[in-house]
Enquirer: 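Dropping a structure here in structure tokens format, bear with me for questions.
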Amino acid sequence: MKILMVCLGNICRSPLAQGIMESKLHKYGLDWEVDSSGTSAWHIGERPDSRSVDIAEKNNIRISNQRARQFKSEDLDRFDLILAMDTENYNQIRKVAGPEHAHKIKMILQYLYPGENRIVPDPYYDGGFQHVFDLLDNACEEIVKHHSKQTEN
């Protein structure tokens, strides 16, 4: 299983989601791959926002080695599951994806709140990094439960 986490700038939400998912994969001994990207090019090559790094470290997760990159069309072929943090990024990815890739693209909080299309709020301006961490931690737990059952069958 190869998972891509996607937000706008790839410095707050998606790096946290990547780090959280990596910790879950380690915890459960899963040989999956996870990466993150942003739909914008604003922060290419930059480290995650220091507030994301801090909240991750408070939860024993290191994300400071990640570097922002922009989502590219090749990601649609490379990844099995592409998880958007909000509807704007979901729609951006869907514009690039053809019908053959549509089934791979989901809103990450669909795993916590099926059918509700809830978004992970962007903490860049408003803070709320702990809330975002908690949402992503719970969502990643559900993703692991859901997809590890599928791979067993």
Enquirer: Give, for atom OG of S40 and atom CG of N10, the distance between the pair rounded to the nearest 0.5 Å.
Expert: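 So the gap between those two atoms works out to 8.5 Å.
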Enquirer: Between atom CG of L135 and atom CG of L16, what is the distance when rounded to the nearest 0.5 Å?
Expert: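 Reported to 0.5 Å precision, the distance equals 11.0 Å.
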Enquirer: For the residue pair T39 and Q70, what are the closest heavy atoms and their distance?
Expert: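 Answer, listing the atom of T39 first, then Q70: O-NE2, 3.2 Å.
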Enquirer: Indicate whether any N or O donor in one side chain lies under 3.5 Å from an N or O acceptor in the other, for N138 and E142.
Expert: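 Judged by distance alone, the side chains do not pair up.
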Enquirer: Does V6 belong to the same Ile/Leu/Val/Met/Phe/Trp/Tyr cluster as F133, with side-chain heavy atoms less than 4.5 Å apart forming each link?
Expert: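 No: no chain of side-chain contacts under 4.5 Å links V6 to F133.
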Enquirer: Can you give me the closest heavy-atom contact between S14 and S37, atom names plus distance?
Expert: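 The answer is OG-O, 3.4 Å.
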Enquirer: Please determine, by modelled atom types, if E88 and Q92 share a side-chain donor-acceptor pair under 3.5 angstrom.
Expert: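 Judged by distance alone, the side chains do not pair up.
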Enquirer: Can you measure from CG (L8) to CG (N89) and round to the nearest 0.5 angstrom?
Expert: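 Going from the CG atom of L8 to the CG atom of N89 covers 5.5 Å.
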Enquirer: Start with the C-alpha gap between D75 and R69, add the side-chain angles, then the distance that decides, and say whether salt bridge (Lys or Arg N to Asp or Glu O under 4.0 Å) holds.
Expert: CA-CA 11 Å; D75 290 329; R69 72 173 186 88; 3.0 Å; yes
Enquirer: What are the two closest heavy atoms between N65 and R62, and how far apart are they?
Expert: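 It is OD1-O, 4.1 Å.
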Enquirer: Provide the closest heavy-atom pair for A97 versus L76 in the form atom of the first, atom of the second, distance.
Expert: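 Heavy atoms only, the tightest pair is CA-CD1, 3.6 Å.
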Enquirer: Would I11 and W42 count as a side chain to side chain contact (heavy atoms under 4.5 Å, CB included) if you check the C-alpha gap in whole Å, the side-chain angles of each, and the deciding distance to 0.1 Å?
Expert: CA-CA 10 Å; I11 60 167; W42 298 332; over 6 Å; no
Enquirer: Let me know which of R13, Q66, M21 forms a side chain to side chain contact (heavy atoms under 4.5 Å, CB included) with S36.
Expert: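 Of the listed options, the one satisfying the test is Q66.
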Enquirer: Salt bridge between E33 and R78, side-chain N to carboxylate O under 4.0 Å?
Expert: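 Between R78 and E33 there is a salt bridge, with a charged N closer than 4.0 Å to a carboxylate O.
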Enquirer: Just wondering, are more than 12 heavy atoms of other shown residues or ligands nearer than 6.0 Å to CG in D31?
Expert: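 No, CG of D31 has 12 or fewer neighbouring heavy atoms, counting only those of other groups under 6.0 Å.
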Enquirer: Ring of Y124, cation from R51 - is the NZ or CZ under 6.0 Å from the centre and inside 45° of the axis?
Expert: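 Output yes; distance and angle both within limits.
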Enquirer: Go through the steps to decide whether K145 and Y111 satisfy the test side chain to side chain contact (heavy atoms under 4.5 Å, CB included), and finish with yes or no.
Expert: CA-CA 10 Å; K145 287 179 189 174; Y111 289 89; over 6 Å; no
Enquirer: Can you tell whether the side chains of D35 and K2 come within less than 4.0 Å, N to carboxylate O?
Expert: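 K2 and D35: not salt-bridged.
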Enquirer: Between E46 and R67, is there a salt bridge with N-O shorter than 4.0 Å?
Expert: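 No, R67 and E46 are not salt-bridged.
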Enquirer: Would you confirm whether Q110, through its side chain, and G115, through its main-chain N or O, come within 3.5 Å as a donor-acceptor pair?
Expert: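 Confirmed, Q110 side chain pairs with G115 backbone.
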Enquirer: Taking L109 as the fixed residue, which of R118, E116, M85 is the one that meets the side chain to side chain contact (heavy atoms under 4.5 Å, CB included) rule?
Expert: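 Of the listed options, the one satisfying the test is R118.
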Enquirer: Can you check whether P48's main-chain N or O pairs, donor with acceptor, with S52's side chain at less than 3.5 Å?
Expert: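 The answer is no, because no donor-acceptor pair under 3.5 Å joins these two groups.
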Enquirer: Applying ring pair (Phe, Tyr, Trp, His ring centres under 6.0 Å), which residue pairs with at least one partner in residues 73-103 are found, sequence neighbours left out?
Expert: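 Every candidate ring pair (Phe, Tyr, Trp, His ring centres under 6.0 Å) pair involving residues 73-103 fails, so no pair, neighbours aside, qualifies.
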Enquirer: Step by step, work out the side chain to side chain contact (heavy atoms under 4.5 Å, CB included) result for L4 and F71.
Expert: CA-CA 9 Å; L4 181 64; F71 177 83; 3.7 Å; yes
Enquirer: Do the side chains of E74 and K72 get close enough for a salt bridge, i.e. N-O under 4.0 angstrom?
Expert: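 Here E74 does not pair with K72 in a salt bridge, since their nearest N and O are not under 4.0 Å apart.
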Enquirer: Please lay out, stage by stage, how H146 and I143 fare under the test side chain to side chain contact (heavy atoms under 4.5 Å, CB included).
Expert: CA-CA 5 Å; H146 179 82; I143 292 163; 5.8 Å; no
Enquirer: Working to the nearest 0.5 angstrom, can you tell me the gap between K104 NZ and L81 CG?
Expert: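 Reported value, rounded in 0.5 Å steps: 9.5 Å.
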Enquirer: Rounded to the nearest 0.5 Å, what's the gap from CG on L136 to CD on E141? Could you check?
Expert: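 One gets 13.0 Å once the value is rounded to the nearest 0.5 Å.
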Enquirer: Looking at V132 and P121, what are the two nearest heavy atoms and their distance?
Expert: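 In terms of heavy atoms, the two residues are closest at CG2-O, 3.3 Å.
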